[in-house]
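These notes are about the structure you will find just below.
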Amino acid sequence: MSPTATQAPTSSIPVRTSRGGRRAPGRRKRTWWKTIVVVAIGLLVNLPLLNALVTSFKSDADISRSPLALTPHLTLAHYRNVFTGTGYDFSQYFLNSVMIALGGVVIVLVITVPSAYAIVRLGFGGPHLLRLVAGLRLIPAIFFAIPFFLLYNALGLYDSVGSLMLANAFLNLPLGILVLAGALRDLPVAIEEAAAIDGANVYRTLISIILPLLAPALVAVSVLVFLFSWSDYLFAVILSSSNATPVTVGAANFVTSTGIRWGDISAATVLSVLPPLCFAIFAQRYLVSGLSVGAVKG
């Protein structure tokens, strides 16, 4: 047998392709195209916020001359006016919004955690209770505005931070129950059965075992309730007048008898967007995982 006969045919030698190495040129082009589309949509959606950001650094003369044009002459006067201007107290408005949003989060978590556990694990209310909760979430907020106004006037709770906490918590209770109920359904019952065998009662199981496992869903509920409470305008304008005014309503005080302070309004808008934006960015990982719980059933 000749030496050449023992050599492997060249067709059996594996050839390296671009699939295991670098990305193919056509695939890179498709990725860049999608990225450009996403960036364009993001800029279009956030165009009002970007315009407010630019306007907040422009002088009143530049705003009057060309509201949408860029200018090289930047100023921080509007941000100083927000905190030191006469006729409005933005610091107090900002503090009211923080207390209302955080208070709403605490109230919702305290109520929804045992409620969702009782519905899912203890069978409280039967199978139709969650449908009723979902139906309450679909009712427009204006439906409850007048009853809350009459109730708070009768009880002397009008224009207080606590009253707005309760109102926003009431609106977001169905959302919290639905999210936590979906998360509880995905938790194996064997964990709770093992805890019961070890002698843990229902309360100990809920606090020591269930709550740590529900951490992503709890963060998701906290972020959503915080965002909805912070951006609420309807209840804030109906249930407050001066003491409990949040930033969403306080921005209207920049409209005076002499004109509209567009620069001050823009600066107040930018400052009021920062807390919920930072909150959502830092909790984004938990927000996505918490909301996706229960979405896929195997």
Determine whether Thr75 and Asp62 satisfy the following criterion, side-chain contact (heavy atoms from CB on, under 4.5 Å), listing intermediate values before the conclusion.
CA-CA 11 Å; Thr75 178; Asp62 291 332; over 6 Å; no
Check against side-chain contact (heavy atoms from CB on, under 4.5 Å), Ile41 and Val37:
CA-CA 6 Å; Ile41 295 175; Val37 172; 3.9 Å; yes
Just do the side-chain contact (heavy atoms from CB on, under 4.5 Å) check on Ser229 and Asn172 with the steps written out, would you?
CA-CA 8 Å; Ser229 300; Asn172 292 291; 3.8 Å; yes
Chi angles and distances behind the side-chain contact (heavy atoms from CB on, under 4.5 Å) call for Phe57, Leu76
CA-CA 6 Å; Phe57 290 103; Leu76 296 176; 3.5 Å; yes
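For the pair Phe279/Leu227, no side-chain contact is recorded, criterion being any heavy-atom separation below 4.5 Å from C-beta on. Between Ile209 and Glu192 there is no side-chain heavy-atom pair separated by less than 4.5 Å. You'll find the side chain of Ile210 reaches within 4.5 Å of the side chain of Thr205, heavy atoms only. The shortest side-chain heavy-atom distance between Leu166 and Tyr152 falls under the 4.5 Å cut-off. With a 4.5 Å cut-off on side-chain heavy atoms, Leu102 and Val106 do not count as touching. Between Leu187 and Leu214, some side-chain heavy-atom pair lies under the 4.5 Å cut-off. A 4.5 Å side-chain heavy-atom check between Leu180 and Leu218 finds at least one atom pair inside the cut-off. Between Pro275 and Phe94, the closest side-chain pair of non-hydrogen atoms falls below 4.5 Å.
Between Phe226 and Trp230, the two ring planes are parallel [angle under 30°; tilted spans 30° to 60°].
Taking both residues in full, the closest heavy atoms of Leu43 and Leu50 are given as CD2-CD1, 4.0 Å, listed atom of the first, atom of the second, then distance. Taking both residues in full, the closest heavy atoms of Pro246 and Ser97 are given as CB-OG, 3.1 Å, listed atom of the first, atom of the second, then distance. Between Ile177 and Ser115, the shortest heavy-atom contact is CD1-CB, 4.2 Å. When all heavy atoms of Phe144 and Leu171 are compared, the closest pair comes out as CD1-CD2, 4.1 Å. Closest approach of Arg121 and Leu184 over heavy atoms only: NH2-O, 3.0 Å. Of all heavy-atom pairs between Asn96 and Thr245, the closest is ND2-O, 3.0 Å.
The cluster map of Ile, Leu, Val, Met, Phe, Trp and Tyr, joined by side-chain heavy atoms under 4.5 Å apart, puts Val219 and Leu175 in the same cluster. With hydrophobic clusters built from ILVMFWY side chains whose heavy atoms lie under 4.5 angstrom apart, Phe83 shares a cluster with Leu53. Ile139 and Leu130 fall into different hydrophobic clusters, where Ile, Leu, Val, Met, Phe, Trp and Tyr residues are linked whenever their side-chain heavy atoms come under 4.5 Å apart, directly or through other members. Note: the hydrophobic cluster containing Tyr117 does not contain Val189 (ILVMFWY, side chain heavy atoms under 4.5 Å, direct or indirect links). The same ILVMFWY cluster, assembled from side-chain heavy atoms under 4.5 Å apart, contains both Ile63 and Tyr79.
Atom-to-atom distance recorded for Leu49:CG and Leu277:CG is 8.0 Å, nearest 0.5 angstrom. Between Leu271 atom CG and Phe90 atom CZ the span is 5.0 Å, to the nearest 0.5 Å. Rounding to the nearest 0.5 Å gives a distance of 12.0 Å between CG of Asn81 and OG of Ser56. Taken from CG in Leu164 to CZ in Phe235, the straight-line distance is 9.5 Å, to the nearest 0.5 Å. Here Ile238 contributes atom CD1 and Asp159 contributes atom CG; the two are 13.5 Å apart, rounded to the nearest 0.5 Å. How far NE2 of His78 is from NZ of Lys58: 9.5 Å, rounded to the nearest 0.5 Å.
Side-chain atoms of Ser64 do not come within 3.5 Å of backbone N or O of Ala61 as any donor-acceptor pair.
A donor atom on one side chain and an acceptor atom on the other are not found under 3.5 Å apart for Ser163 and Tyr158.
For the pairing with Asn168, the side-chain contact (heavy atoms from CB on, under 4.5 Å) check across Leu239, Asp232, Ile107, Val108 returns one residue only, Asp232.
Counting heavy atoms of neighbouring residues, nucleotides and ligands inside a 6.0 Å radius, atom CZ of Arg204 does not exceed 12 of them.
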